[in-house]
Amino acid sequence: MEQVVARENMLAALKRVERNGGAPGVDGVPTERLRDQIRVEWSRIREELLQGTYRPQPVRRVEIPKPGGGKRMLGIPTVMDRLIQQALLQVLTPIFDPTFSESSYGFRPGRRGHDAVRKARQYVEEGYDWVVDMDLEKFFDRVNHDVLMARVARRVTDKRVLRLIRRYLQAGVMLNGVVVATEEGTPQGGPLSPLLANILLDDLDKELERRGHHFVRYADDCNIYVRSKRAGERVYRSVRHFLQERLRLKVNEEKSAVDRPWKRQFLGFSFYKHRGVRIRLAPKSLKRVKDKLRTLTDRNRSQPNPVPECLLAGLGWVLCALRCQVSL
DNA sequence: CAGCCTAGTAC
RNA sequence: CUUGUACUAGGCUG
Ligand SMILES: Nc1ncnc2c1ncn2[C@H]1C[C@H](O)[C@@H](COP(=O)(O)OP(=O)(O)OP(=O)(O)O)O1
Ligand SMILES: [Mg+2]
């Protein structure tokens with residue numbers, strides 16, 4: 001905990017929250033006023049953190065539409081709590097991340113989603129051309145607190161840090177002026193949540209490794225490559241059982257399937273067979289690229305001399321989209 | 001090589 | 001009005 005509240009760690013965390021420039025939490029304090037709030041409240045909050053008595057504020061609930069239909073429930077912590085979680089993240093990452101699986105790619109520094117797709121392509125080419133494609137149902141929202149804290153406690157011994165993390169999980173949600181308790185889940189919007197998600201699913205990775213599976217995982221999107229449909233169906237049932245019993249997580253049956261890899265999409269990509277296995281943009285991603293390109297060109301036509309930075313951004317976007325995604 | 005900013009993608 | 005992590009491209013400064 002001393003490491004968390006250390007001056008340089010807090011300054012780095014402050015920089016990050018300020019530059020993200022996100023919306024305020026339940027207290028309505030914007031990122032621009034975070035420095036002022038620190039000036040008046042930090043000495044008290046620092047003491048509370050060191051004593052293990054700090055209580056986070058509940059998160060603000062915002063619903064945003066999901067691409068596949070349905071809504072995503074964001075939990076936005078106050079800027080002060082985002083600052084503290086960021087400070088925790090910076091200390092906990094070097095403790096947990098180095099021992100995560102090589103097959104885990106989501107939310108991790110220095111790991112590219114594209115490397116996950118490449119690895120998947122390699123497995124398919126090697127003849128593991130059936131995929132058990134699994135996605136978890138409302139993943140962050142359904143994280144079991146006790147299961148997660150047990151995993152965190154395997155590495156963290158400081159009782160104050162453990163208590164603080166649990167209090168973040170239990171901080172509750174503000175719904176029309178009333179605080180509602182959260183008995184499960186880690187907020188979609190908490191800086192620490194992605195790391196906690198990986199800590200929880202690290203047990204899945206270790207189990208799949210122990211079983212000798214060929215797999216890649218990006219957040220709750222887990223692809224296991226096997227040699228036959230029958231093997232895939234057996235693995236699917238078995239892994240689904242493992243997730244349910246050991247991690248208390250439910251597989252999203254709608255989004256999951258055992259199928260041929262070129263019929264599925266992973267991280268916005270898919271495959272096709274032509275002299276071996278090749279990577280292509282998934283139909284959905286291709287469509288969105290085309291739509292974007294259209295609206296962009298239309299805008300440049302209708303307005304002959306727009307803002308120069310808009311044109312610059314448009315050009316940069318096209319270069320990025322075509323170069324980084326397809327060729328690399 | 002370090003910092004800062006603007007875009008986009010994944011979840 | 002919409003948060004978070006990570007990645008990528010482009011630009012600016014010394
Ligand atoms: N925009 C976002 N902001 C914050 N967290 C996000 C965002 N998008 C995704 N996540 C995190 C939280 C999700 O639980 C997790 C997995 O994403 P995803 O599978 O798309 O949704 P989900 O698991 O919550 O619902 P579903 O049941 O539809 O799969 O990634
Ligand atoms: Mg999911």
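So that the names make sense, note that chain A is the first sequence line, chain B the second, and so on, each numbered from 1. Atoms considered below: every heavy atom in the structure, side chains included; atoms not considered: hydrogens, waters and symmetry mates.
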Check: A:Gln90 main-chain N/O paired with A:Thr93 side-chain donor or acceptor under 3.5 Å
no

Check every strand shown and say whether A:Gly106 touches a base, only sugar-phosphate, or nothing at a heavy-atom separation below 4.0 Å.
nothing

Please work out if A:Gly110 contacts a base, only the sugar-phosphate, or nothing of the nucleic acid, heavy-atom cut-off 4.0 Å.
sugar-phosphate

Which part of the nucleic acid does A:Arg16 contact within heavy-atom distance under 4.0 Å: base, sugar-phosphate only, or nothing?
sugar-phosphate

Indicate, with a heavy-atom threshold strictly under 4.0 Å, whether A:Pro67 touches base, sugar-phosphate, or nothing.
nothing

Which one, C:U2, B:dC11, C:U5, comes nearest to the side chain of A:Pro194?
C:U5

Report yes or no: is the cationic atom of A:Arg240 (NZ for Lys, CZ for Arg) under 6.0 Å from the centre of the six-membered ring of A:Tyr236, at an angle within 45° of the ring normal?
yes

Which part of the nucleic acid, if any, lies within contact of A:Gly113, taking any heavy atom under 4.0 Å across all strands shown: a base, the sugar-phosphate backbone alone, or nothing?
nothing

Check whether any side-chain N or O of A:Asp81 sits under 3.5 Å from a backbone N or O of A:Gln57 as a donor-acceptor pair, and report yes or no.
yes

Looking at C:U5, I'd like to know if its phosphate oxygens (OP1 or OP2) sit under 4.0 Å from a side-chain N or O belonging to A:Asn20.
yes

A:Arg72 near the nucleic acid: base, sugar-phosphate alone, or nothing, with a heavy-atom cut-off under 4.0 Å?
nothing

Reckon A:Leu74 touches a base, only the sugar-phosphate, or nothing at all at heavy-atom distances under 4.0 Å?
base

Name the nucleic acid region contacted by A:Leu267, choosing base, sugar-phosphate or nothing; use a 4.0 angstrom heavy-atom cut-off, strictly under.
sugar-phosphate

Report yes if at least one side-chain N or O of A:Gln86 is closer than 4.0 Å to OP1 or OP2 of C:U5; otherwise report no.
yes

Sticking with atom C1', work out how far B:dC4 lies from C:U3, rounded to a whole angstrom.
23 Å

Mind checking if A:Gln265 touches a base, just sugar-phosphate, or nothing, with heavy atoms under 4.0 Å?
nothing

Any Lys/Arg nitrogen of A:Asp129 or A:Arg260 sitting under 4.0 Å from an Asp/Glu carboxylate oxygen of the other?
yes

With a 4.0 Å cutoff (strictly under), does any side-chain N or O of A:Arg108 reach OP1 or OP2 of C:U5?
no

So what does A:Lys15 hit on the nucleic acid, given a heavy-atom distance under 4.0 Å: a base, only sugar-phosphate, or nothing?
sugar-phosphate

